Amino acid sequence: MGPIMELARKHNIPVIEDCAQAFMAKANGQFVGTFGTISCFSTQQGKHMTTGEGGLVVTNDDALARRCFLLINKAWGYGDAKPDHYFAALNYRMCELQSAVALAQLEKTRIRCRRRVKAANKLTKMLAGIGGIKTPPVAAGDVHTYWKYCLTVDGSLLKDGAVGLAGKLKERGIASAPRYIQKPSFMCEVFQKRRTFGNSGYPFNLARPEAVDYDKAKFPMTWKALEDVLVLPWNELYTDEHIQYISDSIRECVEALR
Ligand SMILES: Cc1ncc(COP(=O)(O)O)c(C=O)c1O
């Protein structure tokens, strides 16, 4: 976040933080979601805390908070003396029931994240020194709260790389996802063919062409990262026994593939 914020300040660009998978995470000692102008957290069903679907927007800018309040609810000025639909807006409000669930979950999320970190740190320690895989790197001052536990697999050392390791782990009842996603979003039709509003191509047609050039060759590290990653589901209820089983299984599967 340091270099991003520095660049943004230099050019006066607002930063929107995508913290969908990063509840309670810290970068350089500071909570993520507190760096940018606006931050977004997802409470979709699989996240650290959930409201079934939905999410949270965080800002300490009162004017933007007011704008968000209006934007998600048809821009109708609820509570105003002369309310109106002030501008074209969405109907994306969270219902009362979901909001109540979100509030009740906030405190649990703190504990849940602590447990996730504790369990993940144990696994990281146990996996130290196994050739062919790398555990998630966490710099001093950072806190990773492990929505998932991502291994990096060296395909030049292990037969069939992340896919091979996932196959072996599956035989032991351990689920994992090689590649995480099949392709980056910029390779999907919406970006590649600009399938947006009718045939308008909006908003891509407003951008500088080089800003919307999604040529595959321009993103070699994205492809490399997808090729090497193996995503293990993570859970605050993992016991020491679970961690030991996962660790032993990874060690043995890696040895079998090396
Ligand atoms: C990194 C990231 N950003 C954004 C989203 C979108 O969140 P939502 O589904 O709540 O809109 C997700 C959801 O999976 C995500 O993982």
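All ligand and atom numbering here is 1-based and tracks the order in the structure. Throughout, residue positions are numbered sequentially from 1 according to the sequence presented. Side chains included, hydrogens not; waters and symmetry mates left out as well; all remaining heavy atoms used. Because the structure is predicted, anything quoted here is derived from the model rather than measured.
Here Phe191 and Tyr214 bring their ring centres to under 6.0 angstrom of each other. The aromatic ring centres of Trp223 and Phe219 sit 6.0 Å or more apart.
We find that Glu236 and Arg115 are not joined by a salt bridge, their nearest charged nitrogen and carboxylate oxygen being 4.0 Å or further apart. Between Glu189 and Arg194, none of the side-chain N atoms (NZ, or NE/NH1/NH2) sits under 4.0 Å from a carboxylate O, so this pair counts as no salt bridge. Here Glu107 pairs with Arg110 in a salt bridge; the nearest charged N to carboxylate O distance falls below 4.0 Å.
Under the 3.5 Å distance criterion, with hydrogens and angles disregarded, a donor-acceptor pair is assigned to the side chains of Gln44 and Lys47.
For ligand 1, the atoms lying closer than 4.0 Å to a non-hydrogen atom of Ser42 are 7 (O), 8 (P), 10 (O). Interface atoms of ligand 1 facing Lys47, defined by a heavy-atom separation under 4.0 Å, are 12 (C), 13 (C), 14 (O), 16 (O). Close contacts of ligand 1 with Gly54, meaning ligand atoms under 4.0 Å from a residue heavy atom, involve 10 (O).
Below 3.5 Å of separation, one finds no N or O of Glu53 facing any N or O of ligand 1. Residue Gln44 places no N or O, backbone or side chain, under 3.5 Å from any N or O of ligand 1. For a threshold of 3.5 Å applied to N or O pairs, the pair formed by Gln21 and ligand 1 contains at least one separation below that value.
Regarding atom 12 (C) of ligand 1, its nearest protein heavy-atom neighbour is Ala20 CB, 3.7 Å. Nearest non-hydrogen protein atom to atom 1 (C) of ligand 1 is Asp18 OD2, 3.4 Å.
Sorted by first and then second residue, the salt bridge (charged side-chain N to carboxylate O under 4.0 Å, His left out) pairs involving residues 58-67 (not counting sequence neighbours) are Arg66-Asp80. Note on residues 105-144: pairs passing ring pair (Phe, Tyr, Trp, His ring centres under 6.0 Å), not counting sequence neighbours, are His144-Tyr146.
Within the 4.0 Å cut-off (strictly below), a protein heavy atom is located near atom 14 (O) of ligand 1. There is a protein heavy atom closer than 4.0 angstrom to atom 4 (C) of ligand 1.
In this structure, Cys40 falls outside the shell of residues with a heavy atom less than 4.0 angstrom from ligand 1.
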